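Some notes on the structure that comes next.
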Amino acid sequence: MSTELAADRDTALRAVLVETSAEEGRRAPRRRRRWMFGVGAFALAGALTGAAITTTAIASADQANRVFRLGAAAEQQVKTHGVLLGAPVVADASGTARLALRSAPPGATRLAVSLECFDDGQVVASVAGVSETVDCSVDTPAVTELSAPVGPQQTVTVAAAAGGRILAWASWIRDRPLPAASAQQNADLSDGRVTHAEYLAAYSRYAGCMAEAGYPMAPVTGAPPFVFYAVPDAAVDAGADGTCYAREFAQVDRAWQSTLSDLDVTCLAEHGVDGARLSIEQQLAELRRLGLLQACLPSQE
């Protein structure tokens, strides 16, 4: 697996287990499907103002609302590790959409692409030889992130597999600088495997770091083998979540999740279920339904 695809998968895996909440008192965990976001109306500073958007003519209030939701979904995805920069570009097209972005703003590192299809199906987003296949749905934005050389103008090409209509949105991203993994996290990874006890201990260090930064985590809920938690929006905006997660938990978290996800797919296949087509949460739900959770998952010791 390439470094970029691994990073995309890691982001998606974490999105299944963590929610960001703008309400200080509400931190109940919620699980999300890969790259899918149900987004309500909330303000996005600068990037989503009508004057800033370079787009085809917006013909209706419905289309304007769809464009706003695409930007909101991208902001929600990116805010855990970066910020959107400059004016987004939007295209409404059938079959293939092309979005030409101006030269990257200072500090830009990658591109965010937010999509909505008018028929369910797969879409391939590509720029400068980098591509990603995304499951695109009616009325539900899907977001992916693409690496691209900064500086020159870039054109993002978005092609629907079935040639259907696509509404596509793209903007530059500036990633937040993150610290290296702590000595303890490196020690957890040194033998090439992560135990459930190491996973829980790494989560505790992450939660402790957040508390020290002034953003205490909600009590852990949910069923093994994962922990489910919520992160206050303020912690994400301040960069505390990204810093604490990278230092104490990120690599252990993705190692544990990757191990279990691979096992889920293999074990489900042995029982006649195509787990590769399911999200992580769907894989776990199917294992529980079949009574295979303990048989398919490794010892949690």
Side-chain angles (χ1 to χ4, degrees), residues 8 11-12 15 20 22 32-102 104-105 108 110-127 130-148 154-174 233 236:
D8 286 345
T11 303
T20 60
R32 296 190 182 124
R33 289 183 58 200
R34 185 178 191 271
W35 295 119
M36 297 297 181
F37 296 83
V39 181
F42 58 89
L44 298 177
L48 295 183
T49 60
I53 296 178
T54 303
T55 182
T56 55
I58 294 179
S60 65
D62 176 69
Q63 189 182 41
N65 183 57
R66 290 173 185 269
V67 169
F68 179 84
R69 288 190 305 158
L70 288 179
E75 197 270 353
Q76 184 77 349
Q77 169 76 25
V78 169
K79 69 185 295 183
T80 61
H81 55 277
V83 294
L84 298 173
L85 296 176
V89 178
V90 179
D92 188 337
S94 295
T96 301
R98 291 180 174 83
L99 303 97
L101 290 100
R102 297 177 180 176
R110 291 184 295 144
L111 288 163
V113 180
S114 187
L115 306 166
E116 183 179 336
C117 294
F118 290 76
D119 297 290
D120 291 346
Q122 288 193 322
V123 171
V124 178
S126 58
V127 60
V130 176
S131 63
E132 177 76 12
T133 301
V134 182
D135 292 326
C136 194
S137 299
V138 177
D139 295 326
T140 305
V143 180
T144 189
E145 297 174 29
L146 300 171
S147 297
Q154 290 292 355
T155 297
V156 178
T157 301
V158 179
R165 182 181 167 193
I166 315 161
L167 188 61
W169 182 107
S171 178
W172 289 101
I173 305 169
R174 180 180 68 234
D233 272 352
V236 177

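Just so you know, these numbers come straight off a predicted model, no measurement behind them. If you read the sequence from its start, that first residue is 1, and numbering goes on from there.
- For Arg165, the salt bridge (Lys or Arg N to Asp or Glu O under 4.0 Å) partners two or more places apart in sequence, or in a different chain, are Asp92.
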List the atom pairs, donor and acceptor, that lie under 3.5 Å between side-chain atoms in residues 111-121 and the rest of the protein, sequence neighbours left out.
unit_1 : atom_1 : unit_2 : atom_2 : d
Ser114 : OG     : Leu70  : O      : 2.8
Glu116 : OE1    : Arg69  : NH2    : 3.3
Glu116 : OE2    : Arg66  : NH1    : 2.2
Glu116 : OE2    : Asp139 : N      : 3.3
Asp120 : OD1    : Val138 : N      : 2.9

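- Summarising the geometry, atom OG1 belonging to Thr96 is positioned 6.5 Å from atom CD1 belonging to Ile166; distances are rounded to the nearest 0.5 Å.
- No side-chain heavy atom of Ile173 sits less than 4.5 Å from a side-chain heavy atom of Val83.
- In this structure, the side chains of Val67 and Leu167 come closer than 4.5 Å at one or more pairs of heavy atoms.
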side-chain contact (heavy atoms from CB on, under 4.5 Å) for His81 and Val236? Distances and angles first, verdict last.
CA-CA 8 Å; His81 55 277; Val236 177; over 6 Å; no
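- No side-chain heavy atom of Val124 sits less than 4.5 Å from a side-chain heavy atom of Val158.
- Rounding to the nearest 0.5 angstrom, the gap separating the CZ atom in Arg102 from the CD atom in Gln154 is 15.5 Å.
- For the pair Glu132 and Val134, the minimum side-chain heavy-atom distance is below 4.5 Å.
- When side chains are defined from C-beta on, Leu146 does not count as touching Arg110, because their heavy atoms never get closer than 4.5 Å.
- The side-chain contact (heavy atoms from CB on, under 4.5 Å) check on Ala104 picks up Ala108, Val150, Trp172, with sequence neighbours excluded.
- For Arg174, there are no salt bridge (Lys or Arg N to Asp or Glu O under 4.0 Å) partners at least two apart in sequence or on another chain.
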